[in-house]
Amino acid sequence: MEKLKNVLEKSIQIVSVILFAWIIFLLIFCENFVKYACKKEFVISNITILVFLICLILLYRIKLKKRYILISNLKYRKIVNVCTIIFFGIQIYICYNIFFVTGWDSGSYIVPAAQSLVWNSDLTIYYDYFAKYPNNLLLINIYYLILKLNSVAGIFANGYELMSIIICNCVISSSTCFLIFTIGSRVVKEKYAFIGYMISLILIGMSPWMVICYSDSFVLFVPILIINIYMNDKIQYILKYVLIFVMGYLGYCIKPQVIIVVIAIIIVEVIKRAGKKDIKVLKKDAIVLCISSILIVILASSLHGVYEREGFDINSEKKMGMTHFFMMGLNPNQLGVWSGEDVELSSDCKNQNARTKTNIEISKDRLKNYGMTGYLKLLSKKMLTNYNDGTFAWGAEGSFYASVPEDLNTFVSGKLKELYYDNGSYFWLFSSIEQCLWILVILFIGLKCVFTLGDKSRERDYEYLVMILSIIGLTIFELLFEARARYLYIYVPVYILVALYGIRDMDHRIRGKGEIKDEEAYLIYCNTML
């Protein structure tokens, strides 16, 4: 059974290397020569970022041999605690100054439906949309509760009611950055975790997605919180896995991609226990499954009851199933992203059976027309759509700036809008910074995948396996179904954590060849001018 474990683990490592070799090759050598959906132009090319990283590593190695600075007394956790509080205030300030109401699903259906519940208005105009996409029903009810509390408290009014939801987004964003440091401290030590925290402050904390009232911002913390629970040995076994399954279910109800991390945990646990027949553990597993199933059934029934009282048809024959999104992911005209033509085609089907049959037939025809070579080209284009955008498709959705308040036109507000709005004069600066950090994260993940595959003496790290499996699963999911960089956003914390493994392993290899032998005494220096 030990051989089976090794084979399964090695298979995951090989897949991760192949996947990130593919991603990095496309990002470095194909970004300017391939036509793909939602393509963004950045001031700094990806190959320049790669060259910068190589130079940075070489410079670090040279300086490490000649000079080092002792900073072992730096209190990372205290710095992070203070930064988290301060940064939370900064986030609210930024969001208030760049506030706008977006269009597409968020501003056209989700938010208006939640507001209608607050005002006891007619919901019938939203029934058709939610019959097609019932996964958004839980989100509108959560938004309803937030807006209702704001209405009772009278905090935000006169068109700024959505700031109450946005503040929740800021709490989620700040907490997520803090979780990155907390988890990172366990798996790669505080000094590397602090680097991850600083990256997350810019890539996540400064991301304008906070101002968008949609599932991407709201479930940002769920995958990483599930990983945090999984890693915490202080939580009682049964409680731990019940929390994981219940949180996974609730997250799935808002954003289906959340379930990928739960599947990754299940796969890793199967690998971990291969060949073991511990009756006590099996009994605990049976209890976990029973309790989780009961709780999920109760939650599902309760939520369905709420939706029915609101008048929504939860058993609608109009529901868009996985076959619809698979078909849309094969659309040759839209290159795998959202297609109004495909939505209309699926909507015209009388029921789910007819829709599934139609979707499968069209998917088969499209695959046949592509052929093996054509399909691989499409997947490569979808890979670029998903991965070559550090802003995560900011501004790419329809009617993105649907309503921008005119009453807030101060100097600071104007400058921030120029920085964050994708039609602003300084957006190039923001997008370049985000893109550089995102590409660096991907490059370090690639390094980690190579280091792991080549390290035969390494002890098994099941936490790492969960993280890299989650990334592999998400990547495959977005390749098979509808593509969009935004769909990676809720897993960005996981990407950062895996990148920290790469930074740590690179640092260890450089130090192993350098003059510094006592790593505990001489910590990584931040700036040679200190």
Side-chain angles (χ1 to χ4, degrees), residues 11-42 44-54 57 199 203 223 257 260-261 264 329 335-337 373 375-393 396 431 434-454 464-503 505-506:
S11 298
I12 294 171
Q13 293 168 8
I14 292 170
V15 170
S16 68
V17 168
I18 293 171
L19 201 60
F20 274 91
W22 185 14
I23 292 169
I24 292 170
F25 175 81
L26 291 171
L27 293 179
I28 301 301
F29 300 107
C30 301
E31 63 165 334
N32 295 322
F33 308 107
V34 177
K35 179 185 177 183
Y36 59 93
C38 305
K39 186 173 184 178
K40 268 197 176 77
E41 299 294 337
F42 296 98
I44 303 172
S45 67
N46 293 339
I47 196 165
T48 303
I49 299 171
L50 174 63
V51 171
F52 170 75
L53 176 61
I54 293 170
I57 292 171
I199 292 171
L203 202 55
Q257 286 91 333
I260 292 170
V261 69
L335 299 178
V337 300
T373 304
Y375 186 52
L376 286 174
K377 287 181 180 178
L378 174 69
L379 292 180
S380 295
K381 291 176 181 179
K382 290 176 72 174
M383 193 76 89
L384 283 165
T385 297
N386 291 327
Y387 275 95
N388 196 28
D389 188 354
T391 70
F392 305 103
S431 61
E434 297 287 285
Q435 178 73 355
C436 285
L437 279 177
W438 177 236
I439 297 300
L440 287 173
V441 165
I442 292 170
L443 290 173
F444 276 116
I445 293 175
L447 280 176
K448 171 58 182 174
C449 292
V450 173
F451 290 153
T452 303
L453 186 63
Y464 167 74
L465 276 183
V466 167
M467 294 180 203
I468 197 65
L469 259 179
S470 298
I471 292 173
I472 291 170
L474 178 66
T475 304
I476 293 171
F477 186 91
E478 300 308 333
L479 285 178
L480 291 176
F481 302 104
E482 179 191 354
R484 193 67 120 214
R486 174 168 60 85
Y487 298 152
L488 302 186
Y489 185 65
I490 64 170
Y491 277 88
V492 170
V494 182
Y495 283 88
I496 293 173
L497 284 172
V498 177
L500 292 184
Y501 278 94
I503 293 172
D505 289 1
M506 181 201 69

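As the structure is a prediction and not an experimental result, all values here were calculated from the model.
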With a 4.5 Å heavy-atom cut-off, do [X] and [Y] have their side chains touching?
X	Y	answer
Leu53	Ile49	no
Met506	Phe451	yes
Leu26	Val34	no
Ile445	Cys449	yes
Leu203	Tyr495	no
Asn388	Gln435	yes
Phe20	Val450	no
Ile260	Tyr491	yes

So, for [X] and [Y], which heavy atoms are closest and what is the spacing to 0.1 Å?
X	Y	answer
Asn46	Glu31	N-OE2, 2.8 Å
Arg484	Val337	NH1-CB, 3.6 Å
Ala499	Val441	CB-O, 3.6 Å
Leu488	Asn386	CD1-O, 3.1 Å
Ala485	Ala393	CB-N, 3.8 Å
Ile468	Ser16	CG1-CB, 3.8 Å

Would you give the length of the straight line joining atom [atom1] of [X] to atom [atom2] of [Y], rounded to the nearest 0.5 angstrom?
X	Y	atom1	atom2	answer
Lys382	Phe481	NZ	CZ	9.0 Å
Asp389	Lys40	CG	NZ	4.0 Å
Asn32	Glu41	CG	CD	7.0 Å
Phe477	Gln257	CZ	CD	4.5 Å
Ile476	Leu469	CD1	CG	9.0 Å
Leu465	Met467	CG	CE	10.5 Å

Could you check Ser380 against Trp22 for side-chain hydrogen bond (donor to acceptor under 3.5 Å, both in side chains), going step by step and ending with a plain yes or no? CA-CA 8 Å; Ser380 295; Trp22 185 14; 3.2 Å; yes
Can you check side chain to side chain contact (heavy atoms under 4.5 Å, CB included) on Ile44 and Phe52, steps first, answer last? CA-CA 11 Å; Ile44 303 172; Phe52 170 75; over 6 Å; no
Please determine whether side-chain hydrogen bond (donor to acceptor under 3.5 Å, both in side chains) holds for the pair Lys381 and Thr385, giving the CA-CA distance in whole Å, both sets of side-chain angles, and the decisive distance to 0.1 Å. CA-CA 6 Å; Lys381 291 176 181 179; Thr385 297; over 6 Å; no
Taking Glu478 for the side chain and Ala483 for the main chain, is one N or O donor matched with an acceptor at less than 3.5 Å?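 The answer is no, because no donor-acceptor pair under 3.5 Å joins these two groups.
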Are Lys377 and Leu335 close enough, and set up right, to give a side chain to side chain contact (heavy atoms under 4.5 Å, CB included), and what steps lead you there? CA-CA 10 Å; Lys377 287 181 180 178; Leu335 299 178; over 6 Å; no
Using the rule given for side chain to side chain contact (heavy atoms under 4.5 Å, CB included), can you reason through Val494 versus Ile471, listing the C-alpha separation, both sets of side-chain angles and the distance that settles it, and then say yes or no? CA-CA 8 Å; Val494 182; Ile471 292 173; 4.2 Å; yes
Tell me, with the steps shown, if Leu447 and Asp505 meet side chain to side chain contact (heavy atoms under 4.5 Å, CB included). CA-CA 8 Å; Leu447 280 176; Asp505 289 1; over 6 Å; no
